[in-house]
Amino acid sequence: MLSCVAQRRVIEPGQLWPDQHGNHIQAHGGGIVKIKDKYYWYGEERRQGLDSNLRFVSCYSSKDLMNWTFQKDVVQMSDPENLGQGWILERPKVYFQANQNKFVMYFHLDNKNYSYARVGIAISDRADGEFKFLKSFRPLGRPSRDIGQFIDDDGTAYLIFEDRELGFHIVKLSDDLLSVEEEMSLVKAPLEGGAVVHYRGQYYAIGSALTGWSPNPNKFATAKSLKGPWTNFKDFAPPETNTYQSQSTMMIKVTGTKSTTVIFMADQWKPSAQWDSRYLWMPLDIGDGKLRLPKPEPWSINIETGEYKIQKNH
Ligand code: GAL
């Protein structure tokens, strides 16, 4: 047993991941944004005993990606648009609008049977402040379910969203981050849990098949530009493992003084015990248009150098 205050020196994929109080991190379907030297992890708060009429988004902070401090639930929202019982708020992603010093949260807003299919926006003046609901819309006028977040090296903010009929879209957000400015790509593949990373001159897009909470072989494609053309989608983990029982949610790039590491962030859902859902984070083997998710093992990262280390024989 780890004590509450013990510093964590490894990330253990698939295990309980305690915060500073020893509670398992509740940031499912999450997103991460880096502000100065701090990472903020937002996600679906699914601890037991929550008011079932409200939806909650948690916020954790960290300087090393291994030790996370629970800040608070930055969203405690009641049904914003008469969606009825069982309404859905999933996959929150926060962007920082530096000129206005605003934090803009996107999330999947839906009714119980997922037919509303919109994105919602909530905003706050602080990373760990209270996010207030602003509006919802359908990006490009299209149904939108799972969303993903991508911020390019030049700071441009993109939203990825799943459109069941067509595939998935990568769109550029407006400067104020409150609307869609331009469609970059419509990738005609039935994928959700979409994520993108920019690594050495190439864009890598990943996503999972549409199998609800059950894991499946996630796939990737690459392109030289966000406008495509994209290669065909291929497996990046042995397909029989169903992505080591996980579903993609994001990729984070850590650029240090010696190396650059791209981390695969995924959820291992437990639909009938969501509070116990786990996270599978692993450094990816990436480069030259190839992508591979190594077998999950405990590992550590050094944020300064950007290097990671797999803990063999733990
Ligand atoms: C998944 C999706 C999750 C959640 C779930 C509901 O496909 O990625 O975010 O919506 O379906 O069944």
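All ligand and atom numbering here is 1-based and tracks the order in the structure.
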[atom] [closest protein heavy-atom partner, distance rounded to 0.1 Å]:
atom                    : value
atom 9 (O) of ligand 1  : Arg91 NE, 2.9 Å
atom 8 (O) of ligand 1  : Asp146 OD2, 2.6 Å
atom 10 (O) of ligand 1 : Glu90 OE1, 2.6 Å

Practice prompt. Kindly say whether the aromatic ring centers of Trp17 and Trp281 come within a distance under 6.0 Å.
Written response: yes

Check whether the side chains of [X] and [Y] place a donor and an acceptor atom closer than 3.5 Å, and report yes or no.
X      : Y      : value
Glu81  : Tyr116 : yes
Ser208 : Gln247 : yes
Asp152 : Tyr203 : yes

Which of the atoms in ligand 1, numbered in the order shown and given with their element, are less than 4.0 Å from a heavy-atom of [X]?
X      : result
Glu192 : 1 (C), 2 (C), 7 (O), 8 (O)
Gly212 : 1 (C), 7 (O), 11 (O), 12 (O)
Tyr114 : 4 (C), 6 (C), 10 (O)

Worksheet item: Given that the side chain starts at C-beta and the backbone is N, CA, C, O, which of these parts of His108 lies under 4.0 Å from ligand 1, counting heavy atoms, or is it both or neither?
Response: neither

Worksheet item: Would you say Asn113 has more than 12 foreign heavy atoms packed within less than 6.0 Å of its CG?
Response: yes

Worksheet item: Where do Ile147 and Lys93 come nearest, in terms of heavy atoms and distance?
Response: O-CE, 3.4 Å

Worksheet item: Looking only at heavy atoms, which two atoms of Trp41 and Gly30 are closest? And how far apart?
Response: NE1-CA, 4.1 Å

Worksheet item: Is Glu44 close to ligand 1, meaning an N/O of one under 3.5 Å from an N/O of the other?
Response: no

Worksheet item: Would one find an N or O of Thr211, backbone or side chain, under 3.5 Å from an N or O of ligand 1?
Response: no

